[in-house]
Amino acid sequence: MNPLSLYEKLWQSHVVREESDGTALLYIDRHLVHEVTSPQAFEGLRLAHRDLWRVGSILATADHNTPTTNQKVIADPVSRLQVDTLDDNCRRYGITEYPMGDHRQGIVHVIGPEQGATLPGMTVVCGDSHTSTHGAFAALAMGIGTSEVEHVMATQTLLSRKAKIMQVNVEGVLRPGVTAKDVALAIIGHIGTAGGTGHAIEFAGSVIRGLSMEGRMTLCNMAIEAGARAGMVAVDDVTLRYLEGRPYAPKGAQWQAAVAYWRTLHSDEGARFDQKVTLDAGTFEPLVTWGTSPEMVVSITGRVPDPALESDVTRREGMERALRYMDLQPNMAISDIAIDKVFIGSCTNSRLEDLRAAAAVLKGRKVASSLKLALVVPGSGLVKAAAEAEGLDKIFMAAGFEWRNPGCSMCLGMNDDRLSPGERCASTSNRNFEGRQGAGGRTHLVSPQMAAAAAVAGHFVDVRTFLD
Amino acid sequence: MKQFTPLNGLVVPIDRSNVDTDAIIPKQFLKSILRTGFGPNLFDAWRYLDEGQPGQDNARRPINPDFVLNQQRYQGAQVLLARENFGCGSSREHAPWALDDYGIRAVIAPSFADIFYNNCFKSGLLPIVLPADVVDQLFHAVAAHPGYRLVVDLAAQTVTTPEGVAHGFAVDEFRKYCLLNGLDEIGLTLRHADEIRAYEARRAQSEPWIFGVSA
């Protein structure tokens, strides 16, 4: 038999039909829905008098607009209408939804895996680019636009073309203080934000095998920031241990049958890849982004780069523009950059492991008095409850952090959690684009540990000096 | 889907790489439950000097005179000329909706982010990939000639300059067919409903847990 890559296995098992130009009708197993990218899709269905193809495939939650304070009702009427519209649509069509106030509500990419609604061998879509997160379970998971959301609702399929395949091997051993987030940023720094364009990335190698499911989700989450259509990791014991007993996971004899199939979800020896990249994790350090693209990243021990040394004109102008926006000088030490706010949360880094790692740094310490706000926003109601059961909330609050309710929060500031113009933030989220966390706000992407350490110091600092 | 008809359009240049969807349409405008009305807030943070909010009277806001969309010579532009990795970032279809609502019909760049590229076709907007050196020449030509226009012909798959130089571009046959005819993709897919059902029946045998009852 032809050796196949993981991506090819997932692709082939979902093709319903294929046109002569290679456009395929791909069957979709799981459809995750949130309030921002779905209202126009539901409206489209109604206008065309169409119904949902398979209502059981959909799991919905409100996350982007939801307040993280104890508001019962959203104050902003525009946000409230969007969330109400999702609730109405879910009621009308009989869709399973975890609305605001439900103890399972949270960021769509946190609750899917948490519920076992994301399973190996599935195709998973959501009207959200960070759907790549779910590839951590050897699923083919893709972010789609609203027209495609409607297409999947009405037909259970997606018109798609086979991607090219890139294997990113991360070998060696991660040093203390270096996390999955740093691995993700190191890969993006290496291949660039467009490095994965047109590709699905399979993450492999000893470092990936050594990551927990949380770590693998962090990594696959940021595959989109490398431009990739999808990111994925093969099934192993870590995957199976995570899934067993989750509400949506198969039980009994079906679990046994599923495991037998899932064990085949890896790239075969000799599988073909369009590109292979190998990185030595032994050289990785905790990273901090300095610019307005995730590829603009440097070690905590490094300095802000000097555009004068860049020979490519477009790149040089991009760097100069980024430094102006970020209000940074070339050659400044990263550890000299002072911050105003800290955000620990987002679909990248809001799971229990992330909160534990940040709390371990904060235990017995206080945030710097120069900080205007330090925010921790758990990824879901269940993450929040689990963290509280361990007493993590007490550690965060004792250190001076605000302990909030789940949602996307200050990753993109569609609710009230935002940066004001000129404010600088150490953030565990995924995008440092201009204005991403609030108009005029300046974002530096870091791991949860690094965010916690920066909160204590009031500026970026090597978290390894905090570990003993 | 809106039909794409041949176009002889004024060109506006956005001379920076990695233009992301947050820049094309900032997050506060994504709260709308409508598909239209995003045009006045296209590139909002670059176009205006204040921070935009949904429902504002945009005509009363202070504009940034340095931003290209505000310059007199580019008023009425239908073709956007861009650099590498245009449309990177989020999957928000509000980005092509905003471009379309503003009046842009085609975007030319050396490369696009995948989801944005895909979303354009669904909104009747044509994304065109041309080689980086050709795009570079076009940037120079636009800067040198006020009123610079390009003819975009999807059927012929060409972009033609005022001097008559035609640059060919690639596009998938199926996407071209749908866009030229303004076809409803859902309607097309539903013609294959029997095949989808047959596929489901096979999968329900091999992977029944996919079709299990919700928890």
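Computation of the quantities below employed the complete heavy-atom set of this structure, encompassing side-chain atoms and omitting hydrogens, waters and symmetry-equivalent molecules. Residue numbering restarts at 1 for every chain, and letters A, B, ... go by the order of the sequence lines.
- A 6.0 Å sphere centred on CZ of Arg17(A) holds more than 12 heavy atoms belonging to other residues, nucleotides or ligands.
- If you take CD on Glu19(A) and OH on Tyr177(B), they are separated by 9.5 Å, rounding to the nearest 0.5 Å.
- Rounding to the nearest 0.5 Å places OG1 of Thr157(A) at 8.0 Å from CG of Leu190(B).
- Checked for salt-bridge contact, Asp184(B) and Arg50(A) meet the test: a charged N lies under 4.0 Å from a carboxylate O.
- Within the 4.5 angstrom heavy-atom criterion, no atom of Trp255(A) approaches chain B.
- Top candidate by heavy-atom pairs under 4.5 Å with chain A, chosen from Pro26(B), Ala113(B), Ala23(B), Gly89(B), is Gly89(B).
- Here the CD-CD1 distance, from Gln82(A) to Ile33(B), works out to 8.0 Å after rounding to the nearest 0.5 Å.
- For the atom pair CD1 (Ile186(B)) and CG (Leu45(A)), the distance works out to 6.5 Å, reported to the nearest 0.5 Å.
- A donor-acceptor contact shorter than 3.5 Å is absent between the side chain of Arg16(B) and the backbone of Gly318(A).
- Note: Asp20(B) leads Asn85(B), Leu188(B), Asp20(B) in heavy-atom pairs under 4.5 Å with chain A.
- Contact of the Arg54(A) side chain with the Glu200(B) side chain is registered, since non-hydrogen atoms from C-beta on lie closer than 4.5 Å.
- Heavy-atom minimum distance, His14(A) versus Tyr199(B): CA-OH, 3.3 Å.
- Taking each heavy atom of Asn18(B) and Glu295(A) in turn, the nearest pair found is ND2-OE2, 3.9 Å.
- Taking each heavy atom of Thr314(A) and Ser17(B) in turn, the nearest pair found is CG2-OG, 3.8 Å.
- For Arg203(B), the part sitting under 4.5 Å from any heavy atom of chain A is the side chain, from C-beta outward, and nothing else.
- Ranked by heavy-atom pairs shorter than 4.5 Å toward chain B, the options Gly196(A), Ala439(A), Gly227(A), Gly192(A) are led by Ala439(A).
- Residues Asn119(B) and Gly145(A) come closest through the heavy atom pair OD1-CA, 3.2 Å.
- We find the OG1-CZ distance between Thr21(B) and Phe433(A) to be 6.5 Å, quoted to the nearest 0.5 Å.
- Taking a cutoff of 4.0 Å between a charged side-chain nitrogen and a carboxylate oxygen, Arg161(A) and Glu173(B) do not qualify as a salt bridge.
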### Task
List the steps and the verdict of side-chain hydrogen bond (donor to acceptor under 3.5 Å, both in side chains) for Arg35(B) and Ser147(A).
CA-CA 10 Å; Arg35(B) 233 183 157 102; Ser147(A) 295; 2.7 Å; yes
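- For the pair Leu25(A) and His192(B), the minimum side-chain heavy-atom distance is below 4.5 Å.
- Among Pro54(B), Ser206(B), Ala193(B), the residue with the largest count of heavy-atom pairs under 4.5 Å with chain A is Ala193(B).
- With Lys31(B) contributing its side chain and Ser79(A) its backbone, the two residues share no donor-acceptor pair below 3.5 Å.
- In this structure, Arg431(A) and Ser90(B) have side chains that are in contact, with non-hydrogen atoms separated by less than 4.5 Å.
- Within the 4.5 Å cutoff, the side chain of Arg175(B) has no heavy atoms near those of the Thr23(A) side chain.
- Side-chain contact between Glu43(A) and Leu34(B): absent, with no pair of heavy atoms (C-beta onward) separated by less than 4.5 Å.
- Contact annotation for Asn430(A): neither backbone nor side-chain heavy atoms come within less than 4.5 Å of a heavy atom of chain B.
- Among Arg321(A), Arg229(A), Arg246(A), the residue making the largest number of heavy-atom pairs under 4.5 Å with chain B is Arg321(A).
- Only the backbone of Val15(A) comes within less than 4.5 Å of a heavy atom in chain B; its side chain stays farther off.
- With chain B as the partner, the residue from Met122(A), Gln156(A), Glu148(A) showing the most heavy-atom pairs under 4.5 Å is Glu148(A).
- Ring geometry, Trp209(B) versus Trp262(A): the interplanar angle exceeds 60°, so the pair is classed perpendicular (tilted spans 30 to 60°).
- Side-chain polar atoms of Glu434(A) and Trp46(B) form a donor-acceptor pair below 3.5 angstrom.
- Between chain B and the options Asn65(A), Leu119(A), Leu159(A), Thr85(A), the largest number of non-hydrogen pairs under 4.5 Å is found for Leu159(A).
- Of the atoms belonging to Ala117(A), not a single heavy atom falls under 4.5 Å from chain B.
- A donor-acceptor contact shorter than 3.5 Å is absent between the side chain of Lys27(B) and the backbone of Gly413(A).
- Using a distance-only test at 3.5 Å, with no hydrogens or angles considered, a donor-acceptor pair links the side chain of Asp21(A) to the main chain of Phe174(B).
- Taking 4.0 Å as the cut-off between side-chain N and carboxylate O, Arg92(B) and Asp128(A) do not count as a salt-bridged pair.
- Gly143(A) approaches Ile115(B) most closely through the heavy-atom pair O-CD1, 3.6 Å.
- Counting only heavy atoms from C-beta outward, the side chains of Glu207(B) and Asp29(A) never approach each other to under 4.5 Å.
- Neither the backbone nor the side chain of Phe116(B) comes within contact range of chain A; no heavy atoms are under 4.5 Å apart.
- Under the 4.5 Å side-chain criterion, counting only non-hydrogen atoms from C-beta, Ser111(B) is not in contact with Thr197(A).
- Using a 4.5 Å cut-off between heavy atoms, Ser13(A) touches chain B through its backbone atoms (N, CA, C, O) alone.
- Taking both residues in full, the closest heavy atoms of Ser91(B) and Gly127(A) are given as OG-C, 3.4 Å, listed atom of the first, atom of the second, then distance.
- For the set Gly121(A), Ala194(A), Ala258(A), the entry with the most heavy-atom pairs within less than 4.5 Å of chain B is Ala258(A).
- Proximity of Met414(A) to Gln28(B): side-chain heavy atoms (C-beta onward) are nowhere separated by under 4.5 Å.
- To the nearest 0.5 Å, atoms CD1 (Ile28(A)) and CD1 (Ile196(B)) are separated by 11.0 Å.
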